[in-house]
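Right, one structure below, let's go through it.
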Protein chains: 4
Amino acid sequence: MAALRQRLVDFAAARRWEPFHTPKNLAAALSVEAGELLEIFQWLTPEQAAAVMSEPERAHRVRDEVADVLAYLLQFCTAVGVDPLEALAAKIERNELRFPVSADAVGAGEREAPEDAADVNSDVSDQPL
Amino acid sequence: MAALRQRLVDFAAARRWEPFHTPKNLAAALSVEAGELLEIFQWLTPEQAAAVMSEPERAHRVRDEVADVLAYLLQFCTAVGVDPLEALAAKIERNELRFPVSADAVGAGEREAPEDAADVNSDVSDQPL
Amino acid sequence: MAALRQRLVDFAAARRWEPFHTPKNLAAALSVEAGELLEIFQWLTPEQAAAVMSEPERAHRVRDEVADVLAYLLQFCTAVGVDPLEALAAKIERNELRFPVSADAVGAGEREAPEDAADVNSDVSDQPL
Amino acid sequence: MAALRQRLVDFAAARRWEPFHTPKNLAAALSVEAGELLEIFQWLTPEQAAAVMSEPERAHRVRDEVADVLAYLLQFCTAVGVDPLEALAAKIERNELRFPVSADAVGAGEREAPEDAADVNSDVSDQPL
């Protein structure tokens with residue numbers, strides 16, 4: 001991942017695109033690309049969505065949008081000086097405390113969707129994973 | 001990254017959240033979290049945005065949302081069987097062909113924003129990085 | 001709607017928020033709020049989603065996010081000088097030509113999802129309604 | 001607006017698209033279209049963004065995406081039975097209480113961005129307009 005991150009830096013530098021790569025612009029671009037990934041799925045039934053990779057054209061679009069999201073995420077992290085893997089490791093640790101297994105895994109029938117767990121905490125910046 | 005990806009799989013499995021982790025739901029969640037990252041920046045001036053990490057509370061929110069975006073991206077990739085690093089490497093190679101350096105780096109004064117380069121191709125699924 | 005649009009203008013003016021209400025910031029805010037509306041639904045099953053308004057707290061959130069999306073859409077339209085109803089009327093007319101009824105309504109069994117109709121045109125800025 | 005809302009209902013019915021128009025799918029589609037509107041602005045400088053409507057092709061895209069956002073918002077409201085104008089009027093009234101003019105309009109130099117006002121309340125579902 002570090003190598004890809006460097007290639008993205010070099011790619012933008014060679015094209016003199018750095019002035020456009022402000023944190024705010026990159027956050028916007030990341031959000032736009034995440035929307036394009038969602039667009040692939042928006043009208044699909046659960047069955048069609050589950051089989052998305054068995055259709056060559058859709059599979060290509062999925063890979064392409066995954067690449068765009070990751071590219072902008074890495075470029076954003078470069079712009080603000082955040083290590084994404086470190087941030088994720090820290091978040092998983094916090095979530096392991098916030099969502100202890102014993103409380104949730106009481107059985108599929110009675111359990112709540114992850115969204116409801118988050119509702120209890122009424123803290124949207126702290127969603128479960 | 002592979003280790004974090006596995007921890008996310010285990011985390012969801014221990015809480016029996018897999019039924020919620022369909023490709024469509026994860027693409028939606030990824031888009032929602034990318035929006036929350038953008039939310040931090042939406043009213044900031046360029047100066048405030050550039051200094052976002054020097055403010056402890058905002059810096060924490062940035063790291064937190066980066067973690068959420070990466071988490072859902074990895075979980076999405078697990079759900080559809082895509083290798084995100086491989087997808088990104090392939091995309092960079094395609095973009096190196098699509099946006100040759102000689103054509104773009106003619107000088108900051110005359111060059112166009114990356115968005116305009118994309119406009120020429122009128123192919124939104126193939127944005128420049 | 002014109003009256004609400006004026007109230008939004010007055011509200012922002014009284015608080016001296018106009019400098020923040022650039023087209024770019026408002027487009028970002030609109031996208032963020034649309035993400036918050038989607039967040040309500042992201043983990044819901046089709047049955048839970050269909051019953052979303054029968055749960056008072058969720059129903060309140062839905063109305064709240066609808067209001068936010070409409071508010072930012074109207075403020076964006078004020079900022080760029082676009083009449084949203086006129087734009088929508090023009091779009092419906094274009095779509096009536098692009099998606100003629102005879103071609104699509106051949107029977108539920110054989111027809112494609114609207115997304116596929118759009119794919120054929122490979123023009124994302126021209127999604128079906 | 002009521003007339004346009006009815007035309008959208010008829011348009012979808014004539015093409016037998018209602019099964020796709022679940023609240024969850026429409027919330028996803030709304031978010032995708034809001035992202036497409038933001039895409040137009042993502043790399044623009046403040047000057048370019050302010051002049052967006054003086055460029056015919058961009059102006060067309062803006063009107064087109066505004067129409068798409070409004071269309072999906074109205075279709076979403078139809079699907080969940082919400083009156084968007086009523087929801088917005090109620091929200092403006094709540095915000096007039098939450099953001100009293102006296103506290104905010106102390107002078108452009110000292111005032112905070114609207115986002116900061118929201119931060120104080122740490123309640124993302126209740127953003128200022």
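Within every chain, numbering begins at 1; the chains are lettered A, B, ... in the order of the sequence lines, protein sequences first and strands thereafter.
A donor-acceptor distance shorter than 3.5 angstrom exists from the side chain of B/Thr78 to the backbone of B/Leu74, with no hydrogens or angles considered. Between the A/Lys24 side chain and the B/Leu44 main chain, a donor and an acceptor come within less than 3.5 Å of each other.
Contact annotation for A/Met53: only side-chain heavy atoms (C-beta onward) come within less than 4.5 Å of a heavy atom of chain B. Within the 4.5 angstrom heavy-atom criterion, only side-chain atoms of A/Leu73, from C-beta onward, approach chain B. With a threshold of 4.5 angstrom between heavy atoms, B/Val62 approaches chain A through side-chain atoms but not through N, CA, C or O. Interface remark: A/Val80 contributes backbone and side-chain atoms alike to the contact with chain B (heavy atom separation under 4.5 Å). Using a 4.5 Å cut-off between heavy atoms, A/Glu18 does not touch chain B at all.
Among B/Asn25, B/Leu38, B/Val32, the residue with the largest count of heavy-atom pairs under 4.5 Å with chain A is B/Leu38.
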message = Before you tell me yes or no, could you show the steps for B/Arg15 and A/Glu96 under salt bridge (Lys or Arg N to Asp or Glu O under 4.0 Å), namely the whole-Å CA-CA distance, both residues' side-chain angles and the distance that decides it to 0.1 Å?
response = CA-CA 10 Å; B/Arg15 283 151 193 82; A/Glu96 281 169 344; 5.7 Å; no

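In summary, B/Asp83 and A/Arg63 do not engage in a salt bridge, as defined by a charged side-chain N under 4.0 Å from a carboxylate O.
Of all the heavy atoms in A/Val66 and B/Ala87, the pair that sits closest is CG1-CB, 4.5 Å.
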